[in-house]
Protein chains: 2
Amino acid sequence: MPRTPGQRAGLTRDAVLTAARTVFAERGLPGLSMRSVARELDVAPNALYSHVADKDALVDDLLDDLLGALDPPAPDAEPLAGLRGVMLATFDLLVVHADLVPLYLARQGARGENARALGAAMTVLLGHLGLDGDAAGRVVRALVVSTIGYAALATADGPALAPAQLRADLEVTLDWLLLGATRS
Amino acid sequence: MPRTPGQRAGLTRDAVLTAARTVFAERGLPGLSMRSVARELDVAPNALYSHVADKDALVDDLLDDLLGALDPPAPDAEPLAGLRGVMLATFDLLVVHADLVPLYLARQGARGENARALGAAMTVLLGHLGLDGDAAGRVVRALVVSTIGYAALATADGPALAPAQLRADLEVTLDWLLLGATRS
DNA sequence: CAGCTTACTGGACACTGTACAGTACGTCCA
DNA sequence: TGGACGTACTGTACAGTGTCCAGTAAGCTG
């Protein structure tokens, strides 16, 4: 099992990420520690630090990774439907991965590759509605904030409301926001 | 300093909370541990467990406590202005206590005494606008979610947007939501 | 083949929340 | 007044956490 010092396990950043994904899938966020990831890879905990700056960076990657499961709306989609669609898909995705939800807002909605791609696709659709630049950014933020926020409510433990009802609430909220943003 | 076992320090739940508030004010959330609170009280860490179920309960109390600093809007206030006012005051409060923001959403916006009082006052104002029951609850949730969400963005570390701009965004968002909720 | 860089190791530090068992104080009842 | 009892503490300990440091050996480069 353990190597003698100096011997290489052939780790890569990707391998670490994959292991982290596995551990997270099996044991959730509380079970995700540097040590548990290292154990998954049959490697000493500190070995990970050759490939990942620290745990935060690892989690950041994990968060953005998850967003890769979402299809950005097509640029020629009907804008309102496209925007509602991504946000609801995002909500559904977040609800499945409850542990991660609080982290998204704490890190301003993730700043990785996939997050940027989704934001860009949304901006394109907003452009078709006549919203550009700052105005578009504002709307994206408003939509994203509500979506993550409702997901947080839906995944909070305690006497929460039914996720289905919160999803319905979110739909209404998104409509209000889009209506407000687009009324001339 | 340390007592011999059996001797009483005269702790109360309130004393523990006060100490927790002090520690939190001085060292922030990362500095808030059972041990640091106990040190503040010159007491062994486990002594706290005679007065508080666990750290989560302590933090819950702290969160709701903070909301006590907010004045609920008067029942006869102009509804729209009153609602916007509380939410913006909430935003300002949360931004000052950045560490706590992620916790609020994770616990569905706090479920303590003060949180309920604010919610009730908001519901009254919404009643004046013709919104009752489920409809009012939905609007309260939408407003709260956006407010905490924007506060989370404003307090996230990293290349965030300026808090002042986010506050302005929040104002616009609140207007959209209230407009959507009240348009017949 | 020498030298350097790099990926790993063991061990350690300074913490964390919390459980367990023991002790002495304050209170209440006989 | 005396004895029992509940309870508020204590010390000690467990099982973890993220991360740093020093050392070692393998692989690449000249």
Rounded to whole Å, how long is the line connecting atom CG of B/L48 with atom C1' of D/dT10? 13 Å

Is it the case that the side chain of A/Q7 and the backbone of A/T4 share a donor-acceptor pair, with hydrogens and angles ignored and the cut-off at 3.5 Å? yes

Nearest-Å distance for atom pair CG/P, residues B/L41 and D/dT10: 10 Å

Just call it for A/A9: base, sugar-phosphate, or nothing, with non-hydrogen atoms closer than 4.0 Å on any strand. sugar-phosphate

From CZ of A/R3 across to P of C/dG10 the rounded distance in Å is 9 Å

Can you tell me if A/H51 touches the phosphate of C/dC8, counting only side-chain N or O atoms and a distance under 4.0 Å to OP1 or OP2? yes

Side chain of B/S50 (C-beta onward), nearest among D/dA26, D/dC9, C/dC25: D/dC9

So which protein N/O to nucleotides 16-20 of chain C N/O distances come out below 3.5 Å?
| from | atom 1 | to | atom 2 | distance (Å) |
| --- | --- | --- | --- | --- |
| C/dT16 | OP1 | B/S33 | OG | 2.8 |
| C/dG17 | OP1 | B/M34 | N | 3.4 |
| C/dG17 | OP1 | B/K55 | NZ | 3.0 |
| C/dG17 | OP2 | B/M34 | N | 3.0 |
| C/dG17 | N7 | B/R35 | NH1 | 2.4 |
| C/dG17 | O6 | B/R35 | NH2 | 3.2 |
| C/dT18 | OP2 | B/Y49 | OH | 2.6 |
| C/dT18 | OP2 | B/K55 | N | 3.2 |
| C/dT18 | O5' | B/Y49 | OH | 3.2 |
| C/dT18 | O4 | B/R35 | NH2 | 3.4 |
| C/dA19 | N6 | B/N46 | ND2 | 2.5 |

Starting at atom CG of A/L11, determine the distance to atom C1' of C/dT9, rounded to an integer number of angstrom. 13 Å

With sequence neighbours excluded, tell me which residues meet side chain to side chain contact (heavy atoms under 4.5 Å, CB included) with B/D65. B/R21

For A/D56, enumerate each residue passing the salt bridge (Lys or Arg N to Asp or Glu O under 4.0 Å) test, keeping only those at least two apart in sequence or located in another chain. A/R107

Tell me, please, which residues at least two apart from B/A98 pass side chain to side chain contact (heavy atoms under 4.5 Å, CB included). B/T155

Protein-nucleotide distance (A/Q7, atom CD; C/dT9, atom P), rounded to Å: 10 Å

Can you list every side-chain hydrogen bond (donor to acceptor under 3.5 Å, both in side chains) pair that touches residues 122-133 of chain B, not counting sequence neighbours? none

In chain order, what residues pass the side chain to side chain contact (heavy atoms under 4.5 Å, CB included) check against A/E113, with sequence neighbours excluded? A/D64, A/R116

